[in-house]
Amino acid sequence: MSLTDWLGPQEWQAVVLSLRVSLVATLVSLPFATAVAWLLARRQFPGHAFLSGIVHLPLILPPVVVGYLLLITFGTQGPVGSLLKPLGIVFAFRWTGAALAAAIMGFPLMVRAIRLGFEAVDPKLEQAAATLGAPRPWIFATVTLPLIIPALLAGATLGFAKAMGEFGATITFVSNIPGQTQTLPSAIYAFLETPGGEGPAMRLVLVSIVVAMGAVVLSEYLARRAASRT
Amino acid sequence: MSLSVALRHAFPGLDLDVVFEAPSGVTALFGPSGCGKSTTINAISGLLRPDSGRIALDGRVLFDSGTNLSPQERRIGYVFQDARLFPHMTVERNLRYPSRWRRNAGRDFDRIVKMLALGPLLHRRPSTLSGGEKQRTAIGRALLSDPALLVMDEPLAALDEGRKAEIMPWLERLRDEVRLPILYVSHSVPEVLRLATTVVLMRKGRVIHAGSLRDILADPLLAPELGAREAGALIQGRVDSYEPDGMARVTTAGGTMLLQDIHVPAGSDLKLRILAHEVILSRTAPEGLSALNVLPASVTQISGGLVQLALGNERMLAQITPRSIEALELKPGISCFAIIKSVSVVHS
């Protein structure tokens with residue numbers, strides 16, 4: 001029996017959608033999380049504490065609140081959503097909305113992990129590179145970035161795991177439409193609400209466990225490989 | 001070439017106000033920890049912006065009220081106390097790091113690798129190097145950045161005695177082979193004695209004196225700054241011949257001396273260190289002494305227990321008690337004999 005047969009079409013859809021949503025959310029937010037982590041770790045500026053507070057908000061607020069705020073901001077009637085709609089960018093009740101919700105919920109976790117990485121890089125190495133003539137962006141790319149690879153991987157893994165598990169904000173913002181916005185957790189929730197849905201739910205629970213374990217093992221392997229190079 | 005430095009910088013606990021000129025050769029910035037040596041070279045290399053001042057290298061202004069070149073633009077090779085090699089790169093990639101950004105950088109790669117014997121290390125990672133190997137790599141990397149000036153911040157301070165002894169000959173070679181002015185921060189007298197030609201004495205953020213090492217060592221007012229046990233002259237000598245018993249006849253400006261354990265060929269030049277507390281003074285020519293080296297001298301200056309003597313055109317210090325100074329009626333112009341108990345060879 002192949003994997004495709006083992007999972008029903010709706011379950012299969014949910015798994016693929018969740019992987020797509022989580023990957024997109026992680027990859028798109030990684031550069032932003034890196035930039036914000038760098039600002040928080042290396043720069044002192046007015047509003048430092050405010051930025052830190054905003055970034056951490058999704059970690060502290062109930063997910064439903066975040067989902068609702070996304071809905072009134074990025075919904076087709078919302079201030080941002082109505083501006084983006086003529087450009088063909090719609091988040092509400094689309095898989096892109098699920099990715100946005102997942103990215104925002106995972107953002108503080110990514111920033112925290114990457115910020116620790118920046119703080120662990122000795123600025124004295126960057127000073128040394130400056131005395132050797134290298135311009136700042138080059139120093140960032142050749143000295144700072146390679147040294148925070150383990151932190152970037154840790155941040156990406158946390159962000160991906162959070163995105164795979166994100167439920168509250170997603171269901172509030174984009175609802176639970178099979179094939180459209182029904183991610184793995186939403187699907188498990190829907191099956192458990194349906195008589196006779198325990199079987200599919202249990203299969204999706206197993207898939208969740210395998211994906212989560214796989215992500216952690218892969219990230220640890222990559223981090224160890226990066227560390228052994230230093 | 002010359003480096004001209006004038007800077008002021010105030011920070012909690014230290015008010016830095018430093019003025020000095022460093023001619024070519026090795027200039028040692030010497031002083032106790034916390035006197036502002038590192039701050040001074042950080043300002044020179046552009047890693048710290050001083051409150052005010054002027055820094056110029058060969059007439060090129062690096063910093064003044066209207067100019068503040070970045071470290072990238074200054075072309076100053078910096079050898080840090082902690083080496084600061086890039087941990088994720090091999091020794092070779094560390095050495096080649098500057099070559100992308102400086103026009104002439106890396107041109108001397110083979111020569112510098114050979115001079116510092118870095119060949120066997122090229123494919124190693126910094127974490128697998130010993131302290132001495134790391135410092136050699138750091139020196140090579142700084143040299144390969146095509147610097148106009150090399151600054152070294154206590155490059156031996158983090159090493160144990162064995163490693164220091166291992167790296168010292170490389171520094172001497174560097175001084176003799178690379179035509180590059182070097183600013184060397186240290187609070188170690190042996191390092192300064194072996195390497196420096198010029199010394200800038202610093203204390204509590206100020207320059208007490210800047211001048212040639214030999215003048216400072218023979219100055220009864222300045223020599224104690226190097227440490228009470230370190231006062232004493234550094235004089236030039238030349239091995240004339242060897243006696244049948246193996247002792248060397250060494251000619252100095254003050255007369256011929258007989259020295260033991262000299263292992264260089266006749267004709268070699270020697271730098272001789274004669275510590276002030278190894279010199280005894282006598283008003284009359286002494287007889288029946290075990291000391292072999294008794295040279296005629298005249299007193300030129302007295303300060304505290306240190307008596308400065310002229311031996312030909314060399315200056316030397318003797319440390320004696322105020323009571324003896326009084327008993328011998330020593331004062332400038334008086335002739336006497338310097339009985340030298342021991343001499344050490346600093347560098348040949």
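A, B, ... follow the sequence lines: proteins, then strands. Residue 1 opens every chain.
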*Asks:* Counting only non-hydrogen atoms closer than 4.5 Å, can you tell me which residues of residues 122-135 of chain A sit against chain B?
*Replies:* A:K124, A:L125, A:Q127, A:A128, A:A129, A:A130, A:T131, A:L132, A:G133, A:A134, A:P135

*Asks:* So which heavy atom on A:L40 is nearest to which on A:R115, and how close?
*Replies:* O-NH2, 3.7 Å

*Asks:* Check for me whether the distance between the ring centres of B:F11 and B:H9 falls short of 6.0 Å.
*Replies:* yes

*Asks:* Tell me every residue that passes ring-ring contact (aromatic ring centres under 6.0 Å, His included) with A:F32, counting only those two or more places apart in sequence or in another chain.
*Replies:* none

*Asks:* Does the plane of the ring in B:F86 sit parallel, tilted or perpendicular to the ring in B:Y97? Use 30° and 60° as the thresholds.
*Replies:* tilted

*Asks:* Which of residues 67-85 of chain B have a heavy atom under 4.5 Å from any heavy atom of chain A?
*Replies:* B:P71, B:Q72, B:I76, B:Y78, B:F80, B:D82, B:R84, B:L85

*Asks:* Can you check whether B:L129 reaches B:R136 side chain to side chain, under 4.5 Å on heavy atoms?
*Replies:* no

*Asks:* Does atom CZ of B:R8 have more than 12 heavy-atom neighbours from other groups under 6.0 Å away?
*Replies:* no

*Asks:* What residues form a ring-ring contact (aromatic ring centres under 6.0 Å, His included) with A:F91, not counting sequence neighbours?
*Replies:* A:F74

*Asks:* Can B:E191 and B:S186 be counted as having a side-chain donor-acceptor contact under 3.5 angstrom?
*Replies:* yes

*Asks:* Is the NZ or CZ atom of A:R42 positioned over A:F118's six-membered ring, under 6.0 angstrom from the centre and within 45° of the axis?
*Replies:* no

